[in-house]
2 protein chains.
Amino acid sequence: MMTLDPSSVSRPRERIIETASRLFFRQGYCSTGVNQIISESGVAKASFYTHFPSKEALALAWLRQREENWIQQFKERIEQHQSTDKRVAAMYTMWYDQIHEEGYRGCGFINMAGEFSNEKSPIRAFVREHKDRVRQIIANDVLNEYRPRLKSNDFDELVNAIYSLFDGAIIQTQNFMQDWPIDAALKTSLKILSSYRDKAI
Amino acid sequence: MMTLDPSSVSRPRERIIETASRLFFRQGYCSTGVNQIISESGVAKASFYTHFPSKEALALAWLRQREENWIQQFKERIEQHQSTDKRVAAMYTMWYDQIHEEGYRGCGFINMAGEFSNEKSPIRAFVREHKDRVRQIIANDVLNEYRPRLKSNDFDELVNAIYSLFDGAIIQTQNFMQDWPIDAALKTSLKILSSYRDKAI
DNA sequence: ATCACTGAACAGACAGGTCTGTCTGCTAAT
DNA sequence: ATTAGCAGACAGACCTGTCTGTTCAGTGAT
């Protein structure tokens, strides 16, 4: 029987993922040992390995959880606005909150993928899928107003443009630890958008 | 006395850096041990540590060398063309060559920075400086035609736009292991450029 | 109500390997 | 003889993953 335990936060599996979330994100995958995860989540090693067959499996579980939260939050922020301009601006609010926190680390998915050189690893595959979903949301939820008004090719171009600016801004913000790349990318996105506005078929 | 040895490639220090270059780039920093570097470069451990005080120092030396080559190549490709459009296109030729090589790994600087969570580490500082230099080159060598024709703010915006698209394309190309992000970013860059062309003061 | 039983989590030793960095001794060339 | 490099043992820490044994809450039967 599946108990809907309200104190699920204290269950070992959740504690492990919660700790891993913090450590993998802040320190990176390679620089975080299972021993640290175990001790900081107050769990026995045996318990750890009954819940997760390996460190990599935990990483994947973490990414899955993070993806769920991230996508949900992303969509929520977008759907709060009606105009395309405001929706584009809403995309970037995801980052504004994080940037000024101590030890900003950019996109957890990209950082994770960077530590796995084998492009066929499940981690890499998952991050690819995640980024694909983000692109889909940009096409279907952010820019949907433009789809019927543009030629199919033009619409794809627009999506790719907005998307490239978005990822570029994230990377540069992480690199410089300043928020001007986000402002710049947003400004440029709106400019591109307006240039497509007059381009209706 | 500094011998200008033509067989400098066989000198231990060069062999070490060459091997490190391959391994750090392909496997990442954390996943590459000094033992592997030592054995693959055919060098004694003691020799390694007489040339480099630590693994991190080697990484820094590698980045320095890579930066020199990269910037030089970047500038050369750009200066081969006169028109701004062609110069922007030339920026992207840096990647076209690498993409289809087995085990493409994107930008070595970004990947390296991703493995150092301490933003004050020398590695992170160096990558920041590198990316700043790239931005300077975009401003001074690629888009220089536009500087006198635009208001200062507009010019900065233009530089940031081209630059964000550039970094975004690199990341996405690495992620998807396909080259459409580069095509898309280039196309968008040219479009932005043309929108600024009519905007002369 | 007390019994034994079960399952989950705990604590931590352990194996076997890898990590960075140091040190000693040997060889060869200048 | 001095210097550079080679070979490789070694220290000490850390790594992932396994294993043994303990504690304890819940459950069903008596």
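A note on names: the letters A, B, ... follow the listed sequences, proteins ahead of strands, and every chain is numbered from 1.
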Run the side-chain contact (heavy atoms from CB on, under 4.5 Å) check on B:Met177 and A:Arg124 step by step: do they pass?
CA-CA 11 Å; B:Met177 297 298 276; A:Arg124 284 285 293 271; 4.0 Å; yes
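- We find that OH of A:Tyr49 is positioned 19 Å from P of C:dC14, with the value rounded to whole Å.
- Judged as a side chain to side chain donor-acceptor pair (under 3.5 Å), the pairs with a partner in residues 30-39 of chain B (not counting sequence neighbours) are, in order, B:Gln27-B:Thr32, B:Asn35-B:Lys45, B:Gln36-B:Glu40.
- Residues from residues 115-123 of chain A with heavy atoms under 4.0 angstrom of DNA chain C: there are none.
- The aromatic rings of B:Phe166 and B:Phe74 lie tilted to each other, with the angle between the two planes from 30° to 60°.
- The closest side-chain donor-acceptor pair between A:Gln80 and A:Glu76, if any, does not fall under 3.5 angstrom.
- Here the options are A:Arg22, A:Arg64, A:Gln65, the test is side-chain contact (heavy atoms from CB on, under 4.5 Å), and the partner is A:Ile17; only A:Gln65 passes.
- Remark: the A:Gln174 side chain and the A:Asn111 side chain contain an N/O donor-acceptor pair separated by less than 3.5 Å.
- Distance B:Glu14 CD to D:dG5 P: 10 Å, rounded to the nearest Å.
- A:Tyr29 places its OH atom 11 Å from the C1' atom of D:dC15, with the value rounded to the nearest Å.
- Looking only at atom types and distance, the side chain of A:Glu157 has a donor-acceptor partner in the side chain of A:Tyr196 under 3.5 Å away.
- Residue A:Arg15 contributes atom CZ, which lies 10 Å from atom C1' of C:dC10 at whole-angstrom precision.
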Could you walk me through whether B:Asp156 and B:Leu150 pass side-chain contact (heavy atoms from CB on, under 4.5 Å), step by step?
CA-CA 9 Å; B:Asp156 287 343; B:Leu150 294 175; over 6 Å; no
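- Within the structure, side chain to side chain donor-acceptor pair (under 3.5 Å) contacts touching residues 85-95 of chain B (residues at least two apart or in different chains) are B:Arg77-B:Thr93.
- Across A:Ile170, A:Ile192, A:Ile182, a single residue satisfies side-chain contact (heavy atoms from CB on, under 4.5 Å) together with A:Leu165, and that is A:Ile192.
- Residues from residues 35-48 of chain A with heavy atoms under 4.0 angstrom of DNA chain D, sorted by number: A:Asn35, A:Lys45, A:Ala46.
- Using a 4.0 Å heavy-atom distance criterion, B:Ser31 is classed as making no nucleic acid contact.
- Note on residues 25-47 of chain B: pairs passing ring pair (Phe, Tyr, Trp, His ring centres under 6.0 Å), not counting sequence neighbours, are B:Phe24-B:Tyr29, B:Tyr29-B:Phe116.
- DNA chain C is contacted by A:His51 of residues 51-60 of chain A, taking any non-hydrogen atom closer than 4.0 Å.
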